[in-house]
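Here's the structure we're looking at; comments come further down.
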Amino acid sequence: MSALREIAAQPLTSSAFAPFGEVLEIGGAPDKIINQGLCGRYHDRAALDFGPGGRAGISLFDAEPRSLPYRLEMVERHPEGSQAFIPMHRNAWLVITAEPGTGPGGPPGAVHAFVAAPGQAINFHRGTWHGVLTPLHAPGVFAVVDRIGESANLEEHWLEEPVLITGP
Ligand SMILES: NC(=O)N[C@@H](O)C(=O)O
Ligand code: NI
C-alpha cells in the first residue's frame, strides 16, 4: 500500500498566492479614507474577470468544515471566469491550488495548499486549478463572487493519486 504524497499547507500570503490570484485582507494604510473619515477603503483589490457572455454574481456558500490532514482527490477550474471566496466568519480556512499542466487539456501541475488566516479572502484568476471551498471550522459560510452564465464553466480533474494536505 503506497503512502500518499503529502504536502504541508503554508501560511497564505499575497506573494505566495500571486501566481494563482489575489489575497484580500485589511492591512497597512487604506487606499482611501471615506465616509467622513470613519472608514478606510482598500480599493479594487481583485482582478475580477467574467468574460464575454457572462456576468458577475454573488452567491452564499454554507460548506461543511473539513479537517487536516485533508485528502485531496480532485481539483477544478473555471475557464470562463474568476472566482472569489470571501469568508463570512473569523476562522482559519484552507486554500488549495495547482499549477497549470504542461499542455492544453492536460493534467494540472504541482498542488499547493495554504492556510488562510481569519479575515483573509482570495480571488482565483480565470482558469486557475483549485480545490473546492474548504472551511476548517463551522460555520463554513462564505460569499462567492463568480461568473453567472449559460455554460457550466467547470472543468474537474480527479488526481491519479490523492494528495494528503497537512497543517503548516
Ligand atoms: N461549483 C461551485 O459553485 N463551487 C466551486 O467552484 C468551488 O470552487 O467551490
Ligand atoms: Ni471553483
Side-chain angles (χ1 to χ4, degrees), residues 5 7-14 16-25 45-101 104-167:
R5 188 156 49 95
I7 61 167
Q10 301 302 310
L12 180 66
T13 64
S14 294
F17 194 70
F20 309 107
E22 293 83 25
V23 175
L24 296 95
E25 56 188 327
R45 291 297 181 95
L48 300 185
D49 171 4
F50 305 110
R55 62 176 175 82
I58 299 180
S59 304
L60 298 183
F61 283 28
D62 184 2
E64 289 299 317
R66 284 30 166 228
S67 50
L68 294 174
Y70 176 69
R71 182 187 170 96
L72 177 72
E73 299 183 340
M74 185 272 285
V75 290
E76 61 166 44
R77 64 182 173 183
H78 309 296
E80 297 175 85
S82 56
Q83 186 172 53
F85 291 163
I86 304 165
M88 297 174 79
H89 55 72
R90 294 290 302 180
N91 302 313
W93 56 288
L94 190 61
V95 182
I96 300 163
T97 60
E99 297 174 15
V111 172
H112 297 263
F114 306 91
V115 176
Q120 286 186 314
I122 60 99
N123 176 58
F124 291 119
H125 288 161
R126 173 206 290 238
T128 297
W129 288 109
H130 58 278
V132 298
L133 182 67
T134 314
L136 292 175
H137 304 274
V141 179
F142 291 71
V144 176
V145 181
D146 60 6
R147 183 182 189 274
I148 307 296
E150 293 304 310
S151 69
N153 184 31
L154 175 63
E155 184 182 342
E156 295 180 338
H157 177 80
W158 291 84
L159 302 177
E160 297 297 313
E161 274 279 303
V163 172
L164 202 61
I165 296 172
T166 62

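In listed order, ligands and their atoms are each counted from 1. Computed over heavy atoms, backbone and side chain alike; hydrogens, waters and symmetry mates excluded. Quantities reported herein were computed from a predicted structural model and do not represent experimental measurements.
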Note to self: Any nitrogen or oxygen of Phe61, side chain or backbone, less than 3.5 Å from one on ligand 1?
What the structure shows: no

Check: Will you find, in the side chains of Glu155 and His157, an N or O donor that is under 3.5 Å from an N or O acceptor?
Finding: no

Next item on the list: Can you pull out the closest protein heavy atom to atom 7 (C) of ligand 1? Residue, atom name and distance to 0.1 Å, please.
Entry: Glu76 OE2, 3.3 Å

Margin query: Would Leu159 and Leu72 count as a side-chain contact (heavy atoms from CB on, under 4.5 Å) here? Give the steps.
Written below: CA-CA 8 Å; Leu159 302 177; Leu72 177 72; 3.9 Å; yes

Next item on the list: Look only at the side chain of Trp129 and the backbone of Pro107, and say whether a donor-acceptor pair between them is shorter than 3.5 Å.
Entry: no

Note to self: Check contact between Phe124 and ligand 1, using heavy atoms of the residue and a distance below 4.0 angstrom.
What the structure shows: no

Note to self: For the metal site, I want the angle between atom OE1 of Gln83 and atom NE2 of His78 with the Ni ion (ligand 2) at the apex, to 10°.
What the structure shows: 90°

Check: Do you see an N/O/S atom of Glu76, backbone or side chain, under 2.8 Å from the Ni ion (ligand 2)?
Finding: yes

Notebook entry, point to check: Do His130 and ligand 1 have an N or O pair less than 3.5 Å apart?
Noted result: yes

Margin query: I'd like to check atom 1 (N) of ligand 1 in this structure: does the protein have a heavy atom lying under 4.0 Å from it?
Written below: no

Checklist line | Distance (rounded to the nearest 0.5 Å) between Thr134 OG1 and Glu64 CD | finding: 12.5 Å

Next item on the list: Heavy-atom contacts with His78 under 4.0 Å: which atoms of ligand 1 show up? List them by number with element.
Entry: 6 (O)

Next item on the list: Measure up the Phe85 and Phe61 rings against each other and bin them: parallel (under 30°), tilted (30 to 60°), perpendicular (over 60°).
Entry: tilted

Notebook entry, point to check: Atoms of ligand 1 less than 4.0 Å from Phe85 heavy atoms?
Noted result: 7 (C), 8 (O), 9 (O)

Check: Do Leu154 and His78 come within less than 4.5 Å of each other through their side chains, counting heavy atoms only?
Finding: yes

Next item on the list: Give the residue and atom name of whichever protein heavy atom lies nearest to atom 9 (O) of ligand 1, and the separation in Å to one decimal.
Entry: Leu133 N, 3.1 Å

Next item on the list: Specify whether His112 and Phe114 have parallel, tilted or perpendicular ring planes, treating 30° as the upper limit for parallel and 60° as the lower limit for perpendicular.
Entry: parallel

